[in-house]
Number of protein chains: 2
Amino acid sequence: MREVAALAKVSIKTVSRVVNGESGVSPSLVRRVIAASERLNYRHNLTASSLRRSDGRSATIGIVLEDVANPFSSALHRSIEDVAVQRGVLVLAGSSDEDGDRERKLVSAFASRRVDGLIIQPSSQDHSYLLSERRAGTPIVFVDRPPAFFDADTVLTDNAAGVRRGVRHLVQNGHRRIGYLGDLHTIVTAAERHRGYVEELADQRIEADERLVRLDLRGIERAEAAATEMLGHSQPPTALFAGQNLVTIGAFRALRRLGLHQRVALIGFDDILLADLLEPGITVIAQDPAAIGRTAAQVLFRRLDGDESPTQHHIVLTRMITRGSGEILP
Amino acid sequence: MREVAALAKVSIKTVSRVVNGESGVSPSLVRRVIAASERLNYRHNLTASSLRRSDGRSATIGIVLEDVANPFSSALHRSIEDVAVQRGVLVLAGSSDEDGDRERKLVSAFASRRVDGLIIQPSSQDHSYLLSERRAGTPIVFVDRPPAFFDADTVLTDNAAGVRRGVRHLVQNGHRRIGYLGDLHTIVTAAERHRGYVEELADQRIEADERLVRLDLRGIERAEAAATEMLGHSQPPTALFAGQNLVTIGAFRALRRLGLHQRVALIGFDDILLADLLEPGITVIAQDPAAIGRTAAQVLFRRLDGDESPTQHHIVLTRMITRGSGEILP
DNA sequence: TTGTCTTCTGACAACGTTGTCACTTGTGTC
DNA sequence: GACACAAGTGACAACGTTGTCAGAAGACAA
C-alpha cells in the first residue's frame, strides 16, 4: 500500500480510501490510485484490515459439520456458502466426526482466526464452552441438532413429526406390525425420531412390541444384521421404518438378501440418491438440507447486522416421497 | 495479551513466548502466564500473529472445488482436511460451479486473506492469472484437471487408461458395438475419457461408428434422452460406456425404461453410491478421490516446507469394480 | 477584504502480535 | 576476585491497515 501511494504520489490513507470505496476522493486521484494498484499488482490485505478495523470483521465464518463429505452435511455447506458469497464472506469448514473434542478444537481454531460467526452441527454433549465465544460477540447458530446447556438460535428438522407421518402412512396401508431400526440413541435427532415412532403407534392404538425395535445401529452392516434378525422372528414385521440414511440401505440389503423386498414395506428417514432406481423405489421422509443451511446462514447474518432479538428456533418441514417400497400392503 | 501480561506481572513478550511454546522461559513464569490466560479467557489472535510473523503464515489454505456438495469434490475436500488438521491448518472452501469467473473471484478472496497455499479443481480455461499469486510465494496444486497456460503441480486420474480398461473388458466379453456417452467435450477430463474410448477401439481393430458416440451430455436427463435415442437405432449398441457419474445414471434410467437393463451391458466412469443395490449392479471404473486429495495436500505441504524441486505430476490409478452390468454378454 | 463553510487530503496513532537486541542474573573457570 | 558465558527477561519497533483529527484549498456571502 505504501508503494502504491508512492507511485500515485498520494498518502497511504488516500489509497486506503480508494481501496475501500469510500466517498470523498476526487476522481482524478481515484484513477491514479487504481492505475498504480494495477501496475504494482497490489492486493488488499484483509487480515491487516480486520485487525485495525473498529468492528474487527474478517469477512469469514466458520462451520463445524459432522463430515464435509457426508451428503447431508455437504448440502448444508453449499447452501450456507450460497448465502455467504452474496456478502463477500468466505467459509471455513471442518469435520467433527461425531466427536465432541474435535468440535471444540475446531471452534477454538476458528476463534483464533477471528471468524465473524459460527454455524455448528453439534456432536458435543455440552456447549457451555461456547460462552466465551458468545461473550466475545460471535453469533452462533446450531443446525440439525440442538445445543446442550447453551441457549442459541437453532434450525432443526421436525424429526418426530416426519417419522409419525411415515408410520401413519404404513398404518393406513393396513400394517400393524411395524419394525423400527434406529441410529445411536445418544444422538438427539435419533432419539427424536424414535419418539415419533412410539407416539404414533400409541395414537394409532397399536401395542408396542419391543422385539420390533432395534436402536444404536451405526452403519450399514449393523443395520443389515439387525433387520435380518428381526425378519427371522416367528412373528416378523410386515413393514420397517428405518430412522437414518445408512440404516435404510442396510435394511434394504437385508430385504433383498431374504427375497422379501417386494413383500415387506420399507420407509426410510432421509432421502437417498438413486432411491428411485431401485426395485422397488424406496419411499422416504426427505429432509431439506438446503433450506436448513439457507435459513441458518440468514439468521447468522441478521445477527451480524445487529439483530439482538431473543433466540430463534426454526423448524424445517420434511416431505414424504412415495416410490413403492412404502406402499407394499401387508 | 497486554492484560494477561499485567495479571501475570511479566512483559507481553514473555506472554508471546509462552503462547507460542518457545523455549527459554522459566517454568514458574510459564505457570503464571498460563494461569492468567485462563483466568482472563485469553484467545491468541492468529490474524495479528500472521501479520507480524516473518513468514506471514496464516495456517489456512484455500481450496476451489467444482461444488462442495458434489460427492467427488467433497471427498477431495475431506481428504485434504485430514492432512491439514495434522498440521493445525484450516481449510477455506468455495464452489466454482464450472465457472472460470467464480474460480478467479474465489482465488482473489483467498489471496486477500493471505492463505498459505491453494488447491484448485479448475474450471477456468486460462490460469495465467495465477502468476501473481505464484510470485507472492503461494504454492498452488491442481487436482482432477490440469491447468491451462500455467505450470504447476498436478494430481490427476488416468482417465484415458481407465476408460480403455472398461472398453477392453466389454470387448473381451464379446461386444463389438459399444456406444459412448460423454460429458461436455470442453472439460479436459471428458475429452481424455473420450480419447481412451477411441484409442481402445482402434487397438482392438473395431471400426469407429459415429452414430455410437454422443458427447456434451450435461446432466441425467440429457444422458437419458441420448441413450434412449441411440438404443432405438436399427443397429443398436450391445454395450454402453458412460463417461461420467450422472451420464451413467441417465443411461441406466434409459435401459430400465426400455426394459433392456438385463440385455445391454453398461459400464460407467466414477463410482456411484448404491450402485451395488441396483439390478443389475453397475460395473464402474472407480476413481479414488481420497487418494487424489491426500496426495495433493501432501505435495502442497512439502512446497510449504521449502521443496523447490521442479513441478510434479502425479497420476492416481482407477479401479474396475465388476457388479454385473458390465458382464452382460451380447 | 474577512469570515465561514465545504471538500479534499495527509500525518499520526493504534489494532495485537513477534523479531531484534540489549540488559540482568546466575554459574563456572582461571 | 575477575572474567566469560549462558539463560532468562523486557523495551521497542514493525507488520499493513484504518480511525481520528487537523490542515489546505476553494467557494461563497457579507
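Order of the sequence lines fixes the chain letters, A, B, ..., with proteins taken first and strands second; residue numbering starts at 1 for each chain.
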Could you check whether B:Ser16 gets within reach of a base, just the sugar-phosphate, or nothing at all, counting any heavy atom under 4.0 Å? base

With a cut-off of less than 4.0 Å, is there a side-chain N or O of A:Thr14 near OP1 or OP2 of C:dG10? yes

Round to a whole Å and report the spacing from CZ of A:Arg52 to P of C:dC12. 15 Å

Grab the CG-P distance between A:Leu29 and C:dC8 for me, whole Å please. 10 Å

Any donor-acceptor N or O pair under 3.5 Å, side chains A:Arg113, B:Thr60: yes

Among D:dG8, C:dG10, D:dT18, find the nucleotide with the atom closest to the side chain of A:His44. D:dT18

Send over the distance from B:Arg43 CZ to C:dT17 C1', rounded to a whole Å. 17 Å

Atom-to-atom span, CD of B:Glu22 to C1' of D:dA7 - whole angstrom: 14 Å

In whole angstrom, what separates B:Leu51's CG from D:dA14's C1'? 9 Å

Donor on one side chain, acceptor on other, A:Thr47 and A:Asn45, under 3.5 Å: yes

May I ask you to verify if any side-chain N or O of B:Ser50 is less than 4.0 angstrom from the OP1 or OP2 atom of C:dT17? no

Side chain of A:Lys13 - closest among D:dG10, D:dT20, D:dT17: D:dT20

Mind calculating the distance between CZ (B:Arg113) and P (D:dG16) to the nearest angstrom? 19 Å

Let me know the distance between NZ of B:Lys9 and P of D:dG10, rounded to the nearest Å. 12 Å

What's the closest nucleotide to the A:Ser54 side chain, out of C:dG19, D:dG19, D:dT17? D:dG19

C:dG10 base to A:Arg17 side chain: any donor-acceptor pair below 3.5 Å? yes

Under 3.5 Å, is there a donor-acceptor pair linking the side chains of B:Ser50 and B:Arg114? no

What's A:Leu46 touching, base or sugar-phosphate or nothing? Going by heavy atoms closer than 4.0 Å. nothing

Nearest-neighbour nucleotide for the B:Arg2 side chain, D:dT9, C:dC15, C:dC8 considered: C:dC15

Can a side chain N or O of B:Ser11 be found less than 4.0 Å away from OP1 or OP2 on D:dG10? yes

Under 4.0 Å between a side-chain nitrogen and a carboxylate oxygen: does that hold for A:Arg294 and A:Asp82? no

Let me spell it out: for each of A:Asn45 and B:Ile12, pick the nucleotide of DNA chain D with the closest heavy atom. Which residue's pick is nearer the 5' end? B:Ile12

Could you check A:Asp158, A:Thr189, A:Asp144 and say which one makes a side-chain contact (heavy atoms from CB on, under 4.5 Å) with A:Gln287? A:Asp144

Taking the side chain of A:Ala48 as heavy atoms from C-beta outward, which of D:dT17, D:dG19, C:dT17 is closest to it? D:dT17

Is any NZ, NE, NH1 or NH2 atom of the basic residue among B:Arg78 and A:Asp97 found under 4.0 Å from an Asp or Glu carboxylate oxygen of the other? yes

To the nearest Å, how far apart are A:Arg114 CZ and D:dT17 P? 20 Å

Remember a base hit wins even if backbone is also touched, and classify B:Val25 as base, sugar-phosphate or nothing at under 4.0 Å, heavy atoms. sugar-phosphate

